[in-house]
Colleague: 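One structure coming up, written as structure tokens, with questions to follow.
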Amino acid sequence: LPFDVPMTRAVDYSTEGADLVSTDHMGSLFIDVLRNAMVVAQAGATILPGLQGNVSIPRKTAGSTAYWVDGDGTALTESTPTFDAVTLSPHLVGGWVTATHRMLVQGDPSIEMMLRKDLADTLAVAIDLAALYGTGASNQPEGIANVTGINSKTFGAAAPTWAEVVDMETLVAADNAAQGSLAYVGDAAMRGGLKTTSKDSGSGTFAMNDDGIVNGYPYYATEQATAGDLIFGNFPDLLVGMWGGIELEADKYTNFTSGSVVIRALADVDV
């Protein structure tokens, strides 16, 4: 061949060159799972931390009665207020995960710290869900949706009309309960529906304002809410009792011979 003809050979990544290219493991940029938003505390629920014994809060269920009578020697009619109690007692929620010795040694980010945070976040979301939808059975607290006697309003479509939103406020107000820190809770689809539901034809105004206010009250969105549900009320009246907070413990001894560590999270809660 003539000396002026170049001779080349490509080094290909998929064959000869693969061992020359490194992979940068960026544990500091770890991407966590997307979780349902926790809303009851944001909406104003009353958190009772650091409880020890069971709780009994006295409540008046009916007041005394006033009577109009002939003032000339006529006796008044006696009436008696009635009382009961709101009670809270611990319901245990928890979870645990095992980390192997090699994961503990080589994990980046730290597997133990990651698992502790994951368990704490998981329990926090479960407590929030129980405050909204706890069944009161199978060891769960009883959440808002399952409390007997709470008002309900059936919507004609997936998102309520402006009139149906007003009806919700009216039901609460008729019980003399439209006071305090009232708020709405629903899912993202409900929020989208309210943002696009006109108050009336041609007005150009919608059930939810651009700032997320519905009928004068804030709206908190979470996928904890069941599709089609919209919850409205004075959230400080929702009591969440906690006995000791979320407890995180590591057991390094049960699996001592293999070097695995069990991470456990517990919380005692009632609603």
Side-chain angles (χ1 to χ4, degrees), residues 22-57 87-146 185 187 220-226 235 238-271:
S22 65
T23 297
D24 294 331
H25 178 80
M26 296 186 175
S28 61
L29 299 180
F30 174 75
I31 301 169
D32 204 348
V33 66
L34 297 175
R35 299 178 186 274
N36 291 335
M38 294 171 285
V39 293
V40 295
Q42 291 185 67
T46 300
I47 310 299
L48 304 174
L51 299 177
Q52 183 174 2
N54 292 339
V55 174
S56 178
I57 302 172
T87 61
L88 296 97
S89 58
H91 296 256
L92 184 63
V93 61
W96 63 280
V97 181
T98 299
T100 66
H101 172 70
R102 188 158 295 172
M103 281 302 303
L104 291 165
V105 171
Q106 293 191 301
D108 178 24
S110 166
I111 190 66
E112 182 173 344
M113 292 300 101
M114 185 199 306
L115 293 178
R116 284 175 178 268
K117 182 180 184 304
D118 180 74
L119 285 167
D121 291 345
T122 297
L123 263 62
V125 171
I127 293 166
D128 190 81
L129 179 61
L132 298 174
Y133 290 102
T135 62
S138 300
N139 307 312
Q140 296 182 24
E142 187 174 60
I144 293 172
N146 293 302
V185 167
D187 67 1
Y220 297 94
T222 177
E223 295 310 294
Q224 304 266 56
T226 299
F235 274 82
L238 176 66
L239 308 180
V240 181
M242 301 194 69
W243 287 258
I246 294 178
E247 174 189 310
L248 289 163
E249 296 285 349
D251 175 8
K252 300 180 179 181
Y253 304 106
T254 300
N255 298 313
F256 181 77
T257 56
S258 68
S260 297
V261 172
V262 174
I263 313 296
R264 185 201 65 196
L266 296 173
D268 285 295
V269 183
D270 200 8
V271 179

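Residue numbers count from 1 along this sequence. Quick caveat, the model's predicted, so the values are computed rather than measured. Hydrogens, waters and symmetry mates play no part in the numbers below; they use all other heavy atoms, side chains included.
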Colleague: Using side chain to side chain donor-acceptor pair (under 3.5 Å) as the criterion, list what pairs up with Thr100, not counting sequence neighbours.
Modeller: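 Thr100 satisfies side chain to side chain donor-acceptor pair (under 3.5 Å) with no residue once adjacent residues are dropped.
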Colleague: Could I get the full list of side chain to side chain donor-acceptor pair (under 3.5 Å) partners for Asn255, not counting sequence neighbours?
Modeller: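 Expected list: none.
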Colleague: Begin with the C-alpha distance, continue with both residues' side-chain angles, and end with the deciding distance and a verdict on side-chain contact (heavy atoms from CB on, under 4.5 Å) for Leu129 and Asn36.
Modeller: CA-CA 9 Å; Leu129 179 61; Asn36 291 335; over 6 Å; no
Colleague: So which atom in Pro90 and which in Asn54 form the shortest heavy-atom distance, rounded to 0.1 Å?
Modeller: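 Heavy atoms of Pro90 and Asn54 come nearest at CD-OD1, 3.3 Å.
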Colleague: Drop me the distance from Leu238's CG to Thr46's OG1, to the nearest 0.5 angstrom.
Modeller: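 Between atom CG of Leu238 and atom OG1 of Thr46 there are 7.5 Å.
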Colleague: For the residue pair Ser56 and Thr87, what are the closest heavy atoms and their distance?
Modeller: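 So the two residues come closest at OG-CG2, 4.3 Å.
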Colleague: Identify all side-chain donor-acceptor contacts of residues 262-271 below 3.5 Å with residues at least two apart in sequence or on another chain.
Modeller:
| residue | atom | partner | partner atom | Å |
| --- | --- | --- | --- | --- |
| Arg264 | NH2 | Glu247 | OE2 | 2.8 |
| Asp270 | OD1 | His91 | NE2 | 3.4 |
| Asp270 | OD2 | Ser89 | N | 2.9 |

Colleague: Restricting to non-hydrogen atoms, name the atom on Ala37 and the atom on Ala221 that form the minimum distance, rounded to 0.1 Å.
Modeller: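 Distance-wise, the nearest heavy atoms are CB-O, 3.7 Å.
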Colleague: For Val40 and Leu132: C-alpha separation, side-chain torsions, deciding distance, then whether side-chain contact (heavy atoms from CB on, under 4.5 Å) applies.
Modeller: CA-CA 8 Å; Val40 295; Leu132 298 174; 3.7 Å; yes
Colleague: Would you say Phe30 has more than 12 foreign heavy atoms packed within less than 6.0 Å of its CZ?
Modeller: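 Check passes, neighbour count above 12.
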Colleague: Determine the minimum heavy-atom distance between Leu104 and Gly259, stating which atoms define it.
Modeller: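 Looks like CD1-O, 3.8 Å.
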Colleague: Val93 vs Ile127, test: side-chain contact (heavy atoms from CB on, under 4.5 Å). Steps then yes/no.
Modeller: CA-CA 8 Å; Val93 61; Ile127 293 166; 4.3 Å; yes
Colleague: What's the shortest heavy-atom distance between His101 and Ser258, and which atoms?
Modeller: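 That closest heavy-atom pairing would be CB-O, 3.7 Å.
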Colleague: Show your working on side-chain contact (heavy atoms from CB on, under 4.5 Å) between Phe235 and Ile144 and close with a plain yes or no.
Modeller: CA-CA 10 Å; Phe235 274 82; Ile144 293 172; 4.0 Å; yes
Colleague: Would you please name every residue forming a side chain to side chain donor-acceptor pair (under 3.5 Å) with Glu249, sequence neighbours left out?
Modeller: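 For Glu249, no residue satisfies side chain to side chain donor-acceptor pair (under 3.5 Å) once neighbours in sequence are set aside.
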Colleague: Under a 3.5 Å distance rule, please check whether Gln224 uses its side chain to pair with a backbone N or O of Val125 as donor and acceptor.
Modeller: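 Flag set: sc Gln224 to bb Val125 pair under 3.5 Å.
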Colleague: Looking at Thr135, is its backbone amide N or carbonyl O close enough to the side chain of Gln140 to form a donor-acceptor pair, meaning the two atoms are under 3.5 Å apart?
Modeller: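 Judged by distance alone, yes, a pair lies under 3.5 Å.
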Colleague: So, the side chain of Asn146 versus the backbone of Gly134: is there a donor-acceptor pair under 3.5 Å, distance only?
Modeller: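 Yes.
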Colleague: Going by atom type alone, with no hydrogens or angles, which donor-acceptor pairs under 3.5 Å involve a side-chain atom of residues 110-122 and a protein atom two or more places apart or on another chain?
Modeller:
| residue | atom | partner | partner atom | Å |
| --- | --- | --- | --- | --- |
| Ser110 | OG | Met113 | N | 3.4 |
| Glu112 | OE2 | Arg116 | NE | 3.3 |
| Glu112 | OE2 | Arg116 | NH2 | 3.3 |
| Lys117 | NZ | Asp121 | OD2 | 2.7 |
| Asp118 | OD1 | Arg35 | NH2 | 2.5 |
| Thr122 | OG1 | Arg35 | NH1 | 3.2 |
| Thr122 | OG1 | Asp118 | O | 2.8 |

Colleague: With Asp108, which residues qualify under side-chain contact (heavy atoms from CB on, under 4.5 Å), at least two apart?
Modeller: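 Residues passing side-chain contact (heavy atoms from CB on, under 4.5 Å) with Asp108: His25.
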Colleague: Roughly how far, to the nearest 0.5 Å, is CG of Leu92 from CH2 of Trp243?
Modeller: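 With rounding to 0.5 Å, CH2 (Trp243) is 11.5 Å from CG (Leu92).
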Colleague: Minimum heavy-atom separation for Ile57 and Leu239, please, with both atom names.
Modeller: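 Taking Ile57 first and Leu239 second, the nearest heavy atoms are CD1-CD1, 3.6 Å.
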